[in-house]
**Student:** 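Quick one: structure below, then a few questions.
What you see is a predicted model, and the numbers here were worked out from it, not measured in a lab. By convention in this document, chain letters (A, B, ...) are assigned in the order of the sequence lines, proteins followed by strands, and residues within each chain are numbered from 1.
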Amino acid sequence: MNRYAVICSTVRRIPRGRVATYGQIAELAGLAGHARQVGYALHHLPERSDVPWHRVVNARGEISPRSVGDSHELQRMLLEAEGVEFDLRGRVDLKRFRCHLAIRPSATARRR
DNA sequence: ATAGTGACTGGAA
DNA sequence: CTTCCAGCCACTA
């Protein structure tokens, strides 16, 4: 079980129509303080991955700017399709759409 | 091996 | 409330 796999499985737990922040994912994945690694992991995802990568936004509720690519446009489209709303500044109201997941004890070694 | 980068964050302004 | 910046440290080259 590598770091990316743990992150991916955590992202998969985000319910439809909700979002989570990078830091939140990192924490849930047992990698508290390593939010950037979440970004790296998502960056490495294959396009047809079943991981709902688009449900991950930054701490401000924005879709994080990417150095390359145009996937952020797709991301917003996917989120709106799930009912996530953006304000005029392109930000999600985290108070409303952030998912509340509990930190799974031993996220890396689930059930023996 | 070293150096540079970044899909981030929290605190400061 | 907002934007800005330094620190962060694994990842890439």
Side-chain angles (χ1 to χ4, degrees):
Chain A
M1 202 62 164
N2 59 44
R3 199 172 265 120
Y4 285 173
V6 175
I7 291 172
C8 289
S9 67
T10 303
V11 173
R12 264 190 277 260
R13 292 167 53 199
I14 306 172
R16 195 167 175 287
R18 309 263 66 194
V19 299
T21 67
Y22 293 94
Q24 188 182 1
I25 295 300
E27 185 175 20
L28 292 171
L31 298 168
H34 295 246
R36 298 190 103 135
Q37 274 37 307
V38 176
Y40 281 119
L42 296 182
H43 183 72
H44 285 287
L45 281 175
E47 294 168 14
R48 353 168 153 148
S49 168
D50 58 338
V51 177
W53 55 271
H54 55 275
R55 294 176 191 150
V56 184
V57 299
N58 67 27
R60 300 171 182 172
E62 319 174 291
I63 292 174
S64 286
R66 279 139 190 113
S67 48
V68 304
D70 54 337
S71 54
H72 61 289
E73 296 177 12
L74 172 63
Q75 178 170 7
R76 174 163 179 165
M77 187 185 77
L78 290 170
L79 285 176
E80 292 185 316
E82 294 185 351
V84 176
E85 296 168 30
F86 289 78
D87 65 15
L88 297 175
R89 302 213 285 338
R91 293 166 46 168
V92 175
D93 185 352
L94 291 177
K95 291 187 290 295
R96 292 202 296 153
F97 294 101
R98 190 169 84 76
C99 68
H100 351 276
L101 293 173
I103 298 178
R104 177 193 300 183
S106 29
T108 59
R110 49 150 115 148
R111 116 177 58 159
R112 119 171 17 267

**Student:** Under 3.5 Å, is there a donor-acceptor pair between the side chain of Gln24(A) and the main chain of Cys99(A)?
**Tutor:**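 Pair found, side chain donor or acceptor close to backbone of Cys99(A).
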
**Student:** Hey, does the side chain of His34(A) come within less than 4.0 Å of dC11(C)'s phosphate (OP1/OP2), counting only N and O?
**Tutor:**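 No, because none of the side-chain N or O atoms of His34(A) sits under 4.0 Å from OP1 or OP2 of dC11(C).
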
**Student:** Which is true for Ser71(A) with a 4.0 Å heavy-atom rule: it touches a base, it touches only sugar-phosphate, or it touches nothing?
**Tutor:**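 No contact.
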
**Student:** Hey, is the main chain of Arg96(A) close enough, under 3.5 Å, to the side chain of Arg98(A) for a donor-acceptor pair?
**Tutor:**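 It does not hold such a pair.
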
**Student:** Rounded to whole angstrom units, what separation is found between the CD atom of Gln24(A) and the P atom of dT9(B)?
**Tutor:**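 Between P of dT9(B) and CD of Gln24(A): 10 Å.
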
**Student:** Say you draw a straight line from CZ of Arg89(A) to CZ of Arg60(A); how long is it, rounded to the nearest 0.5 Å?
**Tutor:**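 The CZ atom of Arg89(A) sits 11.0 Å away from the CZ atom of Arg60(A).
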
**Student:** If you compare every side-chain N and O of Ser67(A) against the phosphate oxygens of dA7(B) (OP1, OP2), does one of them come in below 4.0 Å?
**Tutor:**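 Result: yes.
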
**Student:** Using a cut-off of 4.0 Å on non-hydrogen atoms, how would the nucleic acid contact of His54(A) be classed: base, sugar-phosphate, or nothing?
**Tutor:** nothing

**Student:** Measure from CZ on Arg66(A) to C1' on dA7(B) and round the result to the nearest Å.
**Tutor:** 5 Å

**Student:** Provide, to the nearest angstrom, the distance between the CD atom belonging to Gln37(A) and the P atom belonging to dC8(C).
**Tutor:**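 Rounding to the nearest Å, CD of Gln37(A) and P of dC8(C) are 14 Å apart.
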
**Student:** Could you state the CG-C1' distance from Asp93(A) to dT2(C), rounded to the nearest angstrom?
**Tutor:** 15 Å

**Student:** When you check the side-chain N and O atoms of Gln37(A) and Arg3(A), is any donor under 3.5 Å from an acceptor?
**Tutor:**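 Absent: no donor and acceptor within the cut-off.
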
**Student:** Side-chain N or O of Arg91(A) versus OP1/OP2 of dT3(C): is the shortest distance under 4.0 Å?
**Tutor:**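 Checking Arg91(A) against dT3(C): at least one side-chain N or O falls below 4.0 Å of OP1 or OP2.
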
**Student:** For Glu27(A) and dT9(B), what is the distance between atoms CD and P respectively, to the nearest whole Å?
**Tutor:** 12 Å

**Student:** Identify, with sequence neighbours excluded, every residue that meets side chain to side chain donor-acceptor pair (under 3.5 Å) alongside Arg76(A).
**Tutor:** Glu80(A)

**Student:** What is the distance from CG of Leu31(A) to C1' of dC11(C), rounded to the nearest Å?
**Tutor:** 14 Å

**Student:** Let me know the distance between NE2 of His43(A) and P of dG6(B), rounded to the nearest Å.
**Tutor:**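 My rounded result for the distance is 10 Å.
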
**Student:** Without decimals, in angstroms, what is the distance between Tyr40(A) OH and dT12(C) C1'?
**Tutor:** 7 Å

**Student:** Would you kindly check whether a donor in the side chain of Arg36(A) faces an acceptor in the base of dC8(C), or vice versa, at under 3.5 angstrom?
**Tutor:**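 When only heavy-atom distances are counted, Arg36(A) does reach the base of dC8(C) through a donor-acceptor pair under 3.5 Å.
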
**Student:** If you assign Arg60(A) and Gln75(A) each to the DNA chain B nucleotide with the nearest heavy atom, which residue ends up on the more 5' nucleotide?
**Tutor:**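 So the residue in question is Gln75(A).
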
